[in-house]
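Computed from a predicted structure; not experimentally measured. In what follows, chains carry the letters A, B, and so on, assigned in the order in which the sequence lines appear, proteins first and then strands, with residues in each chain numbered from 1.
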Amino acid sequence: MKELNIENLHVTVGDQEIVRGLTLRVPRGEVHALMGPNGSGKSTLAKVLAGHLDYQVTAGKVFMDGENLLELEPDERARRGLFMAFQYPSEIPGVTIANFLRAALQSRLPEGEELEATDYYAKLYEKIELLGMDRSFTSRAVNEGFSGGEKKRTEILQLAILEPKYAVLDETDSGLDIDALKTVAHGVNSLRGPDLGILLITHYQRLLNYIIPDHVHVMVAGRIVRSGRKELALELEERGYDWAREGAFEAVYTR
Amino acid sequence: MSSVANHEVAKSGSILSGPAEFREFPDWFRDQQRAAWQQFESLPQPTRKDQAWRFANVGLLDLGPFKISSPLSEDDRKNILKYSSGLDHYAARMIFGNDQLIERDVVSDDLKRRGVIFQPLERAIVEHADLFRKYFMSTEAALGSAKFAALHKALVSSGTFLFVPRGVEIEQPIEIFHWLRHDDVSIFPHLLLVTDELAKVTVIEHFRSCNRTAPGFACGVNDLIAGPGAKVTYVCAQNWASNVIALQMNSTTVDHDASAMSLNLHLGSRYSRFESLSRLIGEGGRSDLLAVAVAKHEQEFDARTLQDHVSPHTASDLLYKNALDDRARTIFGGLIRVEPHAHFADAYQKVRNLLLSDDAEANSMPGLEILADNVRCTHGATSGQIEEDQLFYLRSRGIPTKAAQRLLVTGFLDEVIQRLNHSAIATHLHRVIEEKFAA
């Protein structure tokens with residue numbers, strides 16, 4: 001089965017359990033929105049999927065196209081086709097976007113094989129234009145001194161270049177004004193297709209006006225409490241997270 | 001080991017048997033060499049107790065095994081020429097192997113006509129005696145290596161003299177290569193760069209060994225004179241073999257409204273000491289002191305600096321970055337001195353160490369001596385490790401840990417290299433750094 005399959009996942013940070021039995025499937029080709037209030041465990045889930053060491057998986061499994069993801073190192077996960085767009089991407093002084101992405105692509109090639117520079121730059125410039133950025137941007141140091149919008153666009157640029165099988169976008173809309181939001185959404189939409197599964201983590205319904213999800217899940221206190229079609233996001237917007245919380249006991253997995 | 005003990009083990013051909021008499025230098029120069037030799041012999045061998053040698057592994061300074069330079073074969077010359085590749089474009093270059101001039105690409109006729117002098121030292125001593133004599137080792141080695149400066153003066157046999165006259169700007173960099181060939185050989189690289197008013201020039205020196213493990217000794221002196229309003233950029237890419245002991249004494253004199261920038265890249269050698277003295281002698285002068293070191297295995301890089309503000313309204317800015325792995329050591333001893341009456345000086349000093357191993361050791365001794373008023377001065381030295389978040393970020397893109405660390409180190413050092421604002425030289429420096437990582 002071509003899907004990202006999270007089964008009964010439990011995650012602790014320190015001695016606190018943040019994710020408490022989360023089950024979620026994102027098939028390739030679909031966009032799933034994961035919504036939830038602050039502290040519901042959304043970002044923790046994203047970091048665990050990427051392999052961050054500060055988070056301890058105490059139970060549950062994650063499979064990517066049938067492969068046990070949790071056994072892999074963070075860089076192996078990425079090379080097998082997982083991508084995470086960070087909510088707060090790191091600044092990497094002195095390393096240009098061009099060199100950074102080149103190293104990332106190089107790492108996907110068999111040993112001894114060199115990345116073809118001309119093709120690489122052609123692809124880089126094509127994607128740069130897709131995201132409405134200037135070519136000179138690629139010679140700036142990764143995220144250093146970037147505005148919030150520039151950081152998020154750079155995350156989507158990386159998504160476009162690295163062509164993963166699954167992408168987890170963690171609060172990609174946070175801190176963006178409406179124009180930046182549209183640009184980022186346009187970038188994501190242009191990458192949608194049968195070969196990419198997207199898990200879109202967001203606090204607000206706003207982003208979902210621009211990236212229309214196939215499914216919406218609501219996460220409260222470390223679990224999915226409601227799942228539904230895209231209309232669920234609107235209902236949630238209208239009724240608020242308290243309504244979703246009330247529904248926690250009657251959670252129905254509609255898929 | 002004391003110098004007396006050194007003497008006892010000195011064999012014929014050893015540098016400790018004194019200056020050779022076969023060179024056909026003018027009398028005044030030979031007299032200087034003899035006097036310098038006596039000075040070398042009378043000065044004590046440094047010990048760790050000397051403040052100027054604190055933390056240094058002075059035991060490595062046993063010069064007994066090192067020989068006066070030996071002649072090169074035709075093959076040696078051919079090979080050295082073949083491997084002397086640096087920048088794609090240069091205005092002129094000189095290539096030395098074992099202190100012998102192998103090739104000289106002269107400056108263009110136009111520059112020659114405008115008075116640029118680019119000559120090997122032995123010719124300049126004769127043809128431009130007055131100019132040469134006025135500036136040759138005119139600044140005392142004040143940072144601890146007076147003994148080795150004397151040794152250099154006694155044994156120097158070749159090198160580069162570059163004079164850029166008033167208002168002449170040399171677009172492309174001038175390149176100089178110094179190669180060590182043969183085991184245990186010693187060389188005494190010399191550069192005397194004199195710029196007149198409003199002149200502009202960039203010089204890059206490459207220090208290399210033919211054999212990557214051959215022991216050797218390099219004892220170099222650089223004197224950079226920036227005339228009024230002149231702009232001098234000096235870069236040194238030091239990549240000696242892993243068993244070389246190297247001492248380098250640089251002095252920069254900056255006249256009014258002139259600016260001098262020097263960048264020293266340290267990659268090679270077993271022990272490399274680098275003294276950099278920058279004197280700001282005219283109002284409006286500015287000096288940038290930059291250094292980048294990648295230290296691995298048991299390498300030791302020992303940097304001593306003095307930013308000496310003699311005149312008011314002068315600026316100096318030092319930025320040194322070291323990346324240390326394995327059991328490598330670095331030492332930084334740097335003093336900012338603002339002399340009386342040198343008011344309104346701006347002096348900065350920043351040293352950053354990136355420790356890639358628990359066994360690496362970075363020693364920093366920054367110092368201030370401010371004898372004037374209205375001075376802006378900051379200094380600081382810090383050591384840190386690779387940021388886990390940055391490493392995770394790179395790994396989350398598929399880059400394996402080792403490659404990610406390399407990328408972060410390169411980025412850490414890049415801040416210094418960017419200060420040069422010279423993309424061709426930056427590209428070259430990054431390439432040789434890459435080669436060291438790959439080795």
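Between chain A and the residues B:A403, B:A404, B:S396, B:G411, the most heavy-atom pairs under 4.5 angstrom are made by B:G411. With chain B as the partner, the residue from A:R77, A:Q158, A:E91 showing the most heavy-atom pairs under 4.5 Å is A:Q158.
In this structure the side chain of B:N222 reaches within 4.5 angstrom of the side chain of B:Y234, judged on heavy atoms.
For the pair B:R397 and B:Y393, the cation-pi test (distance below 6.0 Å, angle within 45°) is passed.
Judged by distance alone, the side chain of B:R208 and the main-chain N or O of B:Y83 form a donor-acceptor pair under 3.5 Å.
The aromatic rings of B:Y320 and B:F332 lie perpendicular to each other, with more than 60° between the two planes, well past the 30° mark.
Here the rule is side chain to side chain contact (heavy atoms under 4.5 Å, CB included) with B:K436, and of B:V294, B:L265, B:N239 only B:V294 fits it.
Only the side chain of A:N143 has a heavy atom closer than 4.5 Å to any heavy atom of chain B. Heavy-atom distances place no part of B:E415 under 4.5 Å from chain A, backbone and side chain included. When heavy atoms are compared at a cutoff of 4.5 Å, A:P89 approaches chain B by way of both its backbone and its side chain.
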